[in-house]
Amino acid sequence: MPELPEVETVRRGLAPAMEGAMVDAVDAKRPDLRFPLPLDFTKQLAGRTVTQLGRRAKYLIIDFDQGPSLICHLGMSGSFRVEADGDQQTPGSFHHERSKAAAHDHVIFHLTSADGARSRIVYNDPRRFGFMLMADRPLEHPMLAELGIEPVGNSLNGPALASLLKGKKTPLKAALLDQTLIAGLGNIYVSEALWRAGLSPRRSAGSIVHAGGTATHRAEALAAAIRAVIADAILAGGSSLRDYVHADGSLGYFQHSFAVYDREGEACPKPGCAGHVKRIVQSGRSTFYCPACQR
DNA sequence: AGTAGAACCTGAGCGC
DNA sequence: TGCGCTCAGGTTCTAC
């Protein structure tokens, strides 16, 4: 599930429940995530108050009033959900799934908010590719220090993209997935952005840069497409979340408006294009694109 | 420099 | 009902 827009959606969903709340206890039911949880993980967090939830690329960063920050990565299948402690589990009740202890609930944060309300933040991750780290200066942690430019805001423009891709012979798709160049794109949104920009995932990354290193119209179009697809996805995710963070991303998820991702064989949705979506494999992962309008 | 493949894990979907 | 196979939103490692 989680690329940058999903992580941002999670951040926005968790913030109201977590910011200003104190950690009463942390229950590490299954500490062997991708990396083992820090040894004194639960002890360190108890008694501290959350000041702010941040995000860098696909990393969620939780700051406290004291001590190191908590860095969370959701891997392929990680998710958080918020449960009010007042939610009683009633068998067969309408909200059954929300308060039920599910399989693969690995870490549970028990919180008390400033107004005294108690809640649980539950981390669920079937595949356990996700992980949590502690760091005094999270942005300087080795796993975050080399991350590239954020594809939100205005910083990712034609010239910035051109300087990143200049001279690169690797396929454009691979370059866009490289987190040290652009931080936060994943397999879905790379396909979507390339379709919007009308660019083939197979062309070399450097081919959309002028010899002198300046941006071509293709680079300008791609930068705009990346920003737009990320912004649209955040909007779509945000609209599906109000009072809680859903567990599996199925509700209102952006997949309902994918143009090419997972649409092999379907007609290209671009008006006037007679092409059909093709699936190819690049560096071991599926790429979806329209050979007719993406050149 | 580039790419392929495997690894880490579990679950869903499909053909038989 | 079940078995075996492929695939999955990420990242990191080794090997040609």
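We name chains A, B, ... by the order of the sequence lines, and we start the count at 1 in each one.
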Presence of [X] side-chain N/O under 4.0 Å of [N] phosphate oxygens OP1/OP2:
| X | N | value |
| --- | --- | --- |
| A:H104 | B:dG11 | yes |
| A:K168 | B:dG2 | no |
| A:R127 | B:dC8 | no |
| A:R285 | C:dA8 | no |
| A:S286 | C:dA8 | yes |

State which of C:dA8, B:dG2, B:dA4 makes the closest approach to the side chain of A:S283.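 In terms of side-chain proximity for A:S283, the closest of C:dA8, B:dG2, B:dA4 is B:dA4.
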
Candidates B:dC9, B:dG2, C:dA8 - which lies nearest the side chain of A:T170: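 Of the candidates, B:dG2 comes closest.
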
Qualifying residues under side chain to side chain donor-acceptor pair (under 3.5 Å), relative to A:S119, sequence neighbours excluded: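 A:S119 satisfies side chain to side chain donor-acceptor pair (under 3.5 Å) with no residue once adjacent residues are dropped.
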
Expressed as a whole number of angstroms, how long is the span from A:D178:CG to B:dG2:C1'?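 My rounded result for the distance is 12 Å.
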
Would you please enumerate the stems DNA chain C participates in, each stem being three or more consecutive Watson-Crick or G-U wobble pairs with both distances under 3.5 Å?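 Stem list for DNA chain C: B:2-8 with C:10-16, B:10-16 with C:2-8.
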
Along DNA chain B (nearest heavy atom to each residue), the more 5'-positioned of A:R34 and A:A103: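 The answer here is A:R34.
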
Would A:F129 count as stacking on C:dT11 if stacking means ring centres less than 5.5 angstrom apart and planes tilted under 30 degrees?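 Per 5.5 Å and 30° rule: no stacking.
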
Could you tell me the separation between the CE atom of A:M134 and the CG atom of A:L37, rounded to the nearest 0.5 Å?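 The CE atom of A:M134 sits 10.5 Å away from the CG atom of A:L37.
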
Which residues pass the ring pair (Phe, Tyr, Trp, His ring centres under 6.0 Å) test with A:F131, not counting sequence neighbours?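 Here the qualifying residues are A:F35, A:H73.
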
